[in-house]
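Report on the structure given below.
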Number of protein chains: 2
Amino acid sequence: MTSTLGFAIMSVLARQARTGYELATAMRRPLGYFWTARHSQIHADLQKLLAAGLVRFEAEHGPGPSGKKVYHLTPDGRAALRDWVTEPPQQRPERDELVLKAYASWLADPAELLALFREQLAGHEARIAEYETHQAAMGDVPAVDHPSFGNHATLWCGLGYERHRAAWCRWMIERLAGEV
Amino acid sequence: MTSTLGFAIMSVLARQARTGYELATAMRRPLGYFWTARHSQIHADLQKLLAAGLVRFEAEHGPGPSGKKVYHLTPDGRAALRDWVTEPPQQRPERDELVLKAYASWLADPAELLALFREQLAGHEARIAEYETHQAAMGDVPAVDHPSFGNHATLWCGLGYERHRAAWCRWMIERLAGEV
DNA sequence: ATATACATGTAAAACGTTACATGATTGG
DNA sequence: CCAATCATGTAACGTTTTACATGTATAT
């Protein structure tokens with residue numbers, strides 16, 4: 001069975017052939033906004049995808065003890081990815097440490113809590129500004145069958161998320177500021 | 001080192017003494033909205049917390065092969081929890097399968113995608129209605145040092161999250177409906 | 001020359017899920 | 001009496017992180 005990471009890798013390869021190293025950097029940005037993995041996990045997963053016939057590689061001369069391997073999707077890989085996209089996602093448990101802290105916030109020091117949420121808010125505001133710059137640079141939303149539609153869709157979601165979290169932080173700050 | 005699950009457990013025990021079984025049901029609702037664990041993991045973690053002196057239990061006669069154990073926080077446990085609340089959360093990687101699918105959505109069938117996002121939207125709308133009922137039942141927001149402030153804060157966040165996701169689904173549906 | 005980026009992999013440990021295993025209490 | 005709920009725990013497996021291990025190409 002292909003893991004979700006396997007599909008994340010194939011989602012990148014569907015756009016362009018890449019080495020494992022390049023996949024790892026894609027897992028920081030832009031893919032890292034919604035899926036991450038370390039290079040050790042990526043190399044291991046690539047071997048599984050290879051065994052399943054979903055990817056293949058061209059060995060090229062390059063850095064590293066064993067040259068470089070440029071991976072690309074096979075027709076089977078592209079078909080598997082295409083099918084996976086429209087299947088309902090398995091709902092994995094939510095795990096949100098800041099919300100957990102909010103649940104226990106009643107026993108903490110309000111002044112320290114206020115500092116925590118102000119710090120979090122600053123982070124969200126910085127990311128909102130960053131995402132808005134990206135969005136302005138990307139221009140109009142293309143047709144849904146264009147690769148960059150995926151970039152628009154994920155950026156829209158990321159921006160909405162950051163705005164929601166910023167609003168929540170402001171609500172918390174308002175409540176806490178009244179107590180200090 | 002206490003795991004985040006350990007603090008989740010202590011967040012529940014800070015309100016009321018509980019058995020491991022009761023902690024597992026709390027990990028479905030209401031805690032399950034932002035942190036989950038199975039009973040097997042909870043029992044294992046309780047033994048770590050016990051060894052660290054952060055919780056203790058009273059053995060009581062009851063069901064099960066070994067009676068029941070009602071756990072409560074020790075003063076050390078309460079202090080550790082209190083300190084943890086105001087520490088910045090360690091940013092754990094985002095992993096969102098639906099957003100990953102959106103990233104690869106350009107190569108899928110628009111009609112099937114439309115069905116997927118309509119289904120997701122229906123789920124969000126149902127949860128919004130459910131949370132709004134909870135919120136109405138809870139009444140006004142109490143002082144920040146009252147345990148139920150934690151319930152209000154987490155519910156506010158959950159409601160904001162569901163509304164954000166619903167809005168994103170509607171945006172996707174609008175784009176996709178134009179193509180089918 | 002030397003530091004940085006590029007490049008691939010393995011091993012150990014932590015975290016989390018699923019399945020296995022047992023048995024008492026309670027309500028119908 | 002029987003089923004559901006309450007109750008505790010262990011074992012096997014898969015996923016993810018951290019650390020270990022190596023070595024080339026390139027720009028300063």
Side-chain angles (χ1 to χ4, degrees), chain A residues 1-9 12 17-29 31-32 34-52 55 57-71 89-97 100, chain B residues 1-9 12 17-29 31-32 34-52 55-71 90-97 100:
Chain A
M1 265 302 291
T2 307
S3 65
T4 308
L5 174 58
F7 289 110
I9 289 170
V12 177
R18 301 265 191 202
T19 64
Y21 184 89
E22 287 171 328
L23 283 164
T25 60
M27 291 287 164
R28 290 180 175 280
R29 167 178 35 93
L31 216 73
F34 43 91
W35 209 272
T36 56
R38 303 305 174 101
H39 79 271
S40 58
Q41 210 186 341
I42 290 166
H43 284 297
D45 230 88
L46 278 170
Q47 287 172 26
K48 284 186 209 163
L49 293 173
L50 207 54
V55 303
F57 67 85
E58 303 298 322
E60 281 186 23
H61 175 74
S66 32
K68 63 172 166 173
K69 299 174 177 178
V70 181
Y71 288 89
Q90 48 182 89
Q91 72 273 33
R92 49 172 48 231
E94 287 290 330
R95 288 211 176 86
D96 193 319
E97 197 175 324
L100 183 57
Chain B
M1 263 305 288
T2 306
S3 65
T4 308
L5 174 58
F7 289 110
I9 289 170
V12 176
R18 300 264 191 202
T19 64
Y21 184 89
E22 287 171 327
L23 283 165
T25 61
M27 291 286 165
R28 292 181 174 279
R29 168 178 33 91
L31 216 75
F34 43 91
W35 209 272
T36 58
R38 302 306 172 102
H39 78 270
S40 57
Q41 212 185 341
I42 290 165
H43 284 296
D45 230 88
L46 278 170
Q47 286 172 27
K48 283 185 208 163
L49 293 174
L50 207 55
V55 303
R56 270 201 281 275
F57 67 85
E58 303 298 321
E60 280 186 23
H61 176 74
S66 32
K68 65 171 168 176
K69 299 175 178 177
V70 181
Y71 289 88
Q90 49 181 89
Q91 72 273 31
R92 49 171 49 231
E94 287 291 329
R95 288 212 176 84
D96 193 319
E97 197 174 324
L100 184 56

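The sequence lines fix the lettering, A, B, ..., with proteins before strands; numbering per chain opens at 1. None of these values were measured; they are calculated from a predicted model.
- The shortest heavy-atom contact between B:Pro93 and A:Thr36 is CB-OG1, 2.8 Å.
- Using a 4.0 Å heavy-atom distance criterion, B:Ser3 is classed as making no nucleic acid contact.
- Smallest separation of non-hydrogen atoms from A:Leu5 and A:Ala37: CD1-CB, 3.6 Å.
- Residue B:Arg38 places at least one side-chain N or O under 4.0 Å from the OP1 or OP2 atom of C:dT18.
- Summarising the geometry, the separation between CE on B:Met1 and P on C:dA13 is reported as 19 Å, rounded to the nearest angstrom.
- Surrounding CD of B:Gln91 are at most 12 heavy atoms belonging to other residues, nucleotides or ligands under 6.0 Å away.
- Atom CD1 in B:Ile42 sits roughly 15 Å away from atom C1' in C:dT18 (whole-Å rounding).
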Exercise. Is there a side-chain contact (heavy atoms from CB on, under 4.5 Å) between B:Phe57 and B:Leu46 once you walk through the steps?
Worked result: CA-CA 10 Å; B:Phe57 67 85; B:Leu46 278 170; over 6 Å; no

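- Rounded to whole Å, atom C1' of C:dG23 lies 12 Å from atom NE2 of B:His61.
- In terms of phosphate contacts, B:Gln41 brings no side-chain nitrogen or oxygen within less than 4.0 Å of OP1 or OP2 of C:dC15.
- Around CZ of B:Arg95, the count of heavy atoms belonging to other residues, nucleotides or ligands within 6.0 Å exceeds 12.
- As rounded to whole Å, 17 Å separates atom C1' of C:dG16 from atom CG of A:Leu5.
- Taking every heavy atom of both residues into account, A:Val55 and A:Leu50 meet most closely at O-CD1, 3.3 Å.
- Position along DNA chain D of the nearest nucleotide to B:Pro93 versus B:Lys69 favours B:Lys69 as the more 5'-ward residue.
- Think of the region where chain A sits on DNA chain D: with heavy atoms and a 4.0 Å cut, that region ends 5' and 3' at D:dT15 to D:dA25.
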Pick out the pairs of N or O atoms, protein on one side and nucleotides 4-6 of chain C on the other, that lie under 3.5 Å.
| from | atom 1 | to | atom 2 | distance (Å) |
| --- | --- | --- | --- | --- |
| C:dC6 | OP2 | A:Tyr21 | OH | 3.2 |

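- In this structure, NE2 on B:His39 lies 12.5 Å from CG on B:Leu23, to the nearest 0.5 angstrom.
- The two residues B:Leu31 and B:Met27 come nearest to each other via the heavy atoms CD2-CE, 3.5 Å.
- Note on B:Arg95: only backbone sugar-phosphate atoms sit closer than 4.0 angstrom, heavy atoms only; bases stay farther off.
- Distance NZ (B:Lys48) to P (C:dA13): 14 Å, rounded to an integer number of Å.
- Both A:Gly62 and A:Thr4 lie near DNA chain D, and the one whose nearest nucleotide falls closer to the 5' end is A:Thr4.
- Annotation for B:Gly20 and B:Tyr71: closest pair N-CD1, 4.3 Å, computed over non-hydrogen atoms.
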